[in-house]
Amino acid sequence: MEKDSAGMNQAAHQFRCPRCGNIGEYSGKAGERLIVTCDSCKTKGRVTIPGIAEPPSTNGNAIEITHLRKLFKDFPAVDDVSFYVKKGEIFGLLGPNGAGKSTIIRMLCTLTRPTAGVATVAGYDIVKQSGKVRTHIGLVSEKMIMYEQLTARENLKLFGKLYNLPNDFLNKRIDELLAFVRMEKWADHRINTFSTGMKQRINVIRALVNQPEILFLDEPTLGLDPQSTAEIRELTKRINTENGTTIILTTHIMFEAEALCKRMGIIDHGKIVALDTPANLKKLVSGTDVSTFEIEVSNLEPRMMTSVQSLGSVKSLIQEDSNHLLVRTTGNDAFDDIVDSLRKNGAKVRMVKNLEPSLEDVFLHLTGREAREKVTENTPSSSVGPGHGPGRRRPKRIR
Amino acid sequence: MGVRNVISHSLWICWKDLLEFSRSKLRLVMLVLMPLFMMVMVGFIFPTGSTITDTPIALVNNDAGSMGTSFVAQLNAINNKSGMMLLSSATDFNDIKTKLQNNDIHGGLIIPENFSSDILSGKQGYITIVIDQSNPQMSLTMQGVITKTIEAMGKQSAISNLNSSYHVSVTTATSLITPYIVESKGIVPGEPNYFQFVAPGIIAMVVMMALMTGLPHAISYEKDMGTLDGMLAAPINRLSIILGKVTAQTVRGMIQGFIILLLAVVLFGVVIQGSILLVILLILLTVFSFVGLGILITSFTENEETATMVMMTLMFPMMFLSGVFFPLQQMPWYMQGLAKFLPLTYATTALRKVMVLGADISAVGTEVLILVAFGIVLLAVAVPMFRRAMSK
């Protein structure tokens with residue numbers, strides 16, 4: 001397929017005037033529609049330039065974002081963000097509320113225009129080819145996109161019709177989707193009679209009605225009870241594995257991102273601060289010999305802590321409550337050293353747990369604040385002297 | 001293909017809106033109640049002039065002679081037929097004054113002491129009408145009604161005097177005393193009544209309200225609920241959304257318009273003189289002229305609350321300035337000038353011409369042209385605004 005970026009010297013095509021049979025010529029970009037005038041009888045007619053309009057350049061990526069910016073007045077909600085999402089993966093955008101996750105999603109769904117930068121979704125430019133983008137995507141937004149007075153089937157039908165799906169196909173598709181989330185029995189019940197979990201299931205399959213290549217899930221488990229949350233997570237995985245749908249998911253819950261996403265970007269103040277697989281992100285905080293122990297001592301005394309802290313392998317020590325210590329160490333002998341030191345001081349060690357570094361740590365490390373609105377009540381009762389490592393800390397929340 | 005898609009999508013959105021509407025029982029009840037209340041309200045609270053009955057009037061008869069008594073008897077006889085007044089007696093002017101102040105009566109009549117003697121001595125007899133200045137409308141009407149009644153009585157007695165005293169035949173006497181007979185004749189059958197006047201205006205107004213309140217409400221509500229995003233993320237033309245909403249609101253407005261028409265005909269005896277098809281055409285034209293304004297409000301209001309406020313601010317002046325309830329000619333010149341800028345004025349005038357006077361399309365040509373112009377101008381401004389507002 002020859003590409004003609006200048007748009008000047010395209011090949012000329014011929015048309016036959018339906019009234020007088022005169023042959024005329026026209027030219028233009030592939031896929032473009034024109035009105036042509038017959039030279040001899042001045043009849044006007046409409047023609048479409050043959051060929052496929054600009055084949056999508058995919059590079060095997062479902063989404064490509066370069067230097068995307070969105071300003072609200074002077075406030076940069078999204079500030080120079082670049083990343084890509086591979087075809088068929090679940091990509092997570094993790095960040096606190098107001099970090100700019102939803103704004104990125106809204107731009108990619110063509111609901112709001114970027115101030116600067118370029119992005120392609122399914123190979124189409126989100127500004128110049130927004131119509132094309134829309135046919136290839138499904139959106140599950142923070143607010144449910146459903147009409148409460150309508151039944152599940154009616155909701156699905158409306159949206160199917162907006163995607164020009166023919167009746168037979170659409171009816172089959174609706175039945176499939178309802179079966180997919182085990183809601184066949186509820187097809188003809190109104191949405192306002194459903195529980196929140198049921199509503200969200202319908203809301204998710206509503207976004208699938210057009211068999212989108214790419215599904216956007218903006219905080220899909222927000223406000224759901226634990227059981228429904230688990231259901232939706234399982235559903236997300238199934239959509240990805242069974243249909244091969246690329247999914248881009250936003251969340252502020254670390255566990256969710258870790259459980260679902262192949263790769264994820266951590267976003268804060270409109271900027272991507274880290275982007276990798278969950279495992280690699282964790283390596284950001286954990287060196288090979290860095291480990292964190294939680295130690296329970298039934299008769300914890302200050303002198304025990306002082307002795308542990310004086311050990312060379314201990315990088316930091318935090319007293320979590322009257323019985324628990326959180327110790328960050330380097331080196332392979334750290335565990336033995338600590339237990340020995342505690343025993344020597346007459347401590348009764350009840351339990352020692354080697355804590356996996358979590359994404360929570362990564363987030364904390366990168367942004368200096370916690371992703372979840374969780375206040376740690378049990379701040380250390382006795383402050384510990386020098387030796388604070390850069391790793392696990394319980395800093396006061398910035399906001 | 002493009003146009004077909006826009007129409008198909010808009011019809012599905014319209015289907016959705018109407019389905020939603022029909023599922024809400026309260027909304028359905030209101031759909032019928034609103035025009036009913038409207039019609040009953042304007043039908044019964046506005047004075048119509050000829051419907052005054054049983055107005056309490058106090059009568060003072062101070063006449064020394066017999067003429068006063070016979071005057072009262074005559075007045076009673078006439079009043080018994082018309083039932084306009086509820087006559088009671090009072091002692092003097094001060095008594096009437098007290099009763100007026102207490103709001104017991106709406107007016108008074110005083111026959112003075114020398115009524116009989118004046119008439120018998122060849123002079124004119126005085127009768128005083130006491131009016132209620134706190135109620136100008138009523139006192140004006142009362143004054144007119146009583147004066148007319150008394151004048152008729154005067155003529156009657158003059159005719160019988162001529163007949164008995166000068167042996168002039170009753171016919172000759174009548175033509176001598178009242179040489180002119182005035183006859184009112186309309187261009188269509190039937191008496192003029194206020195319902196005839198107000199029904200076309202209310203139809204136009206309800207259709208306007210459906211679009212002005214319904215449209216911004218429908219769209220800003222979906223914006224607030226987040227459901228609008230679903231439509232915006234679908235590969236449909238922005239125009240389909242607005243077109244679907246407009247169609248749904250138009251259907252709603254038309255249903256209400258027809259309920260009013262029906263009520264006006266069945267309950268209030270309004271006769272539609274012109275072609276019903278022309279009436280429907282004019283209603284659709286009214287819709288067309290208002291659509292732009294509705295879309296415009298939708299475009300520049302952020303949420304439902306602002307939309308409602310803007311609409312209310314615009315709608316009330318339009319309702320009262322467009323000659324729906326009061327004839328335009330009664331307004332001061334500057335207000336009449338202002339009314340010329342409101343599409344509702346032309347919609348009301350045109351509908352009134354057709355419904356009441358039986359006018360055909362040629363008689364409402366000007367109004368039709370102006371409504372079309374309003375529609376085109378407003379849409380030309382509103383549609384680009386809406387597109388921009390939807391892709392911020």
Side-chain angles (χ1 to χ4, degrees), chain A residues 33 46 48 70 72 102 105-115 121 124 126-127 129-151 154-165 170 190-192 203 206-207 209-210 212 214-216 218, chain B residues 1-28 31 217-245 247-248 252 302-304 387-392:
Chain A
R33 300 179 70 190
R46 199 180 278 274
T48 307
K70 177 71 183 179
F72 288 122
S102 292
I105 297 290
R106 289 184 67 80
M107 283 193 282
L108 295 178
C109 291
T110 73
L111 294 178
T112 185
R113 280 163 181 272
T115 313
V121 172
Y124 299 104
I126 56 164
V127 179
Q129 296 167 300
S130 53
K132 284 265 166 49
V133 170
R134 287 183 202 129
T135 56
H136 291 88
I137 58 167
L139 167 68
V140 174
S141 157
E142 257 179 286
K143 290 175 180 168
M144 285 190 198
I145 301 172
M146 271 188 304
Y147 299 96
E148 297 263 321
Q149 298 289 344
L150 268 52
T151 66
E154 285 161 350
N155 268 292
L156 294 169
K157 186 162 184 174
L158 167 70
F159 283 96
K161 281 295 170 188
L162 296 186
Y163 289 89
N164 291 339
L165 303 182
L170 179 58
R190 292 191 202 172
I191 300 294
N192 59 8
N203 190 28
R206 185 207 55 76
V209 86
N210 60 323
I214 300 156
L215 178 66
F216 292 91
D218 194 2
Chain B
M1 193 58 189
V3 178
R4 257 182 58 192
N5 269 342
V6 168
I7 292 171
S8 149
H9 294 152
S10 67
L11 287 179
W12 278 103
I13 292 169
C14 170
W15 165 80
K16 187 273 295 175
D17 270 18
L18 291 177
L19 199 61
E20 246 185 323
F21 192 87
S22 70
R23 295 274 163 86
S24 161
K25 283 202 185 84
L26 192 64
R27 284 201 217 172
L28 281 179
L31 183 79
H217 180 269
I219 289 181
S220 53
Y221 179 75
E222 287 215 28
K223 223 193 265 179
D224 286 357
M225 292 301 287
T227 46
L228 194 66
D229 286 347
M231 290 196 235
L232 293 175
I236 61 170
N237 196 316
R238 288 345 191 203
L239 221 53
S240 300
I241 301 175
I242 199 84
L243 210 61
K245 296 265 165 196
T247 315
R252 196 189 71 142
E302 288 291 307
N303 52 39
E304 209 186 323
R387 280 173 178 276
R388 197 179 310 165
M390 287 298 112
S391 55
K392 251 192 277 184

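The chains referred to below are lettered A, B, ... by the order of the sequence lines, with proteins before strands, and numbering in each begins at 1. Below, each value reflects all heavy atoms present in this structure, side chains not excepted, and no hydrogens, waters or symmetry copies.
Across G226(B), S240(B), A234(B), the residue that shares the most heavy-atom pairs under 4.5 angstrom with chain A is A234(B). Looking only at heavy-atom pairs under 4.5 Å with chain B, the residue among H136(A), R190(A), R106(A) that has the most is R190(A). Taking M144(A), E154(A), M146(A), K143(A) one by one and counting their heavy-atom pairs under 4.5 Å with chain B, the maximum is reached by E154(A). Ranked by heavy-atom pairs shorter than 4.5 Å toward chain A, the options I13(B), T227(B), N237(B), L228(B) are led by T227(B).
One distance of note links OG of S8(B) with CG of N164(A); it measures 6.0 Å at 0.5 Å rounding. The structure places CD1 of I236(B) at 8.5 Å from CZ of R134(A), a figure rounded to the nearest 0.5 Å. Atom-to-atom distance recorded for E148(A):CD and R23(B):CZ is 13.0 Å, nearest 0.5 angstrom.
You'll find the side chain of Y147(A) reaches within 4.5 Å of the side chain of E222(B), heavy atoms only. Side-chain atoms of R27(B) and Q149(A), non-hydrogen and from C-beta on, never get closer than 4.5 Å to each other.
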Carefully, step by step, assess E142(A) and D229(B) under the rule side chain to side chain contact (heavy atoms under 4.5 Å, CB included).
CA-CA 11 Å; E142(A) 257 179 286; D229(B) 286 347; over 6 Å; no
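Using a 4.5 Å cut-off between heavy atoms, M231(B) touches chain A through backbone and side chain atoms alike. D224(B) touches chain A through its backbone: at least one of N, CA, C or O sits under 4.5 Å from a heavy atom, while the side chain does not. In this structure, the portions of T151(A) lying under 4.5 Å from any heavy atom of chain B include both its backbone and its side chain. Both the backbone and the side chain of L150(A) come within contact range of chain B, judged by heavy atoms closer than 4.5 Å.
Residues A233(B) and L139(A) share a closest heavy-atom pair of CB-CD2, 4.2 Å. Residues W12(B) and K157(A) come closest through the heavy atom pair CH2-CE, 3.6 Å. Of all heavy-atom pairs spanning P235(B) and G131(A), the tightest one is CB-O, 3.9 Å.
Proximity of a side-chain donor or acceptor of K16(B) to a complementary backbone N or O of F159(A) within less than 3.5 Å is not detected.
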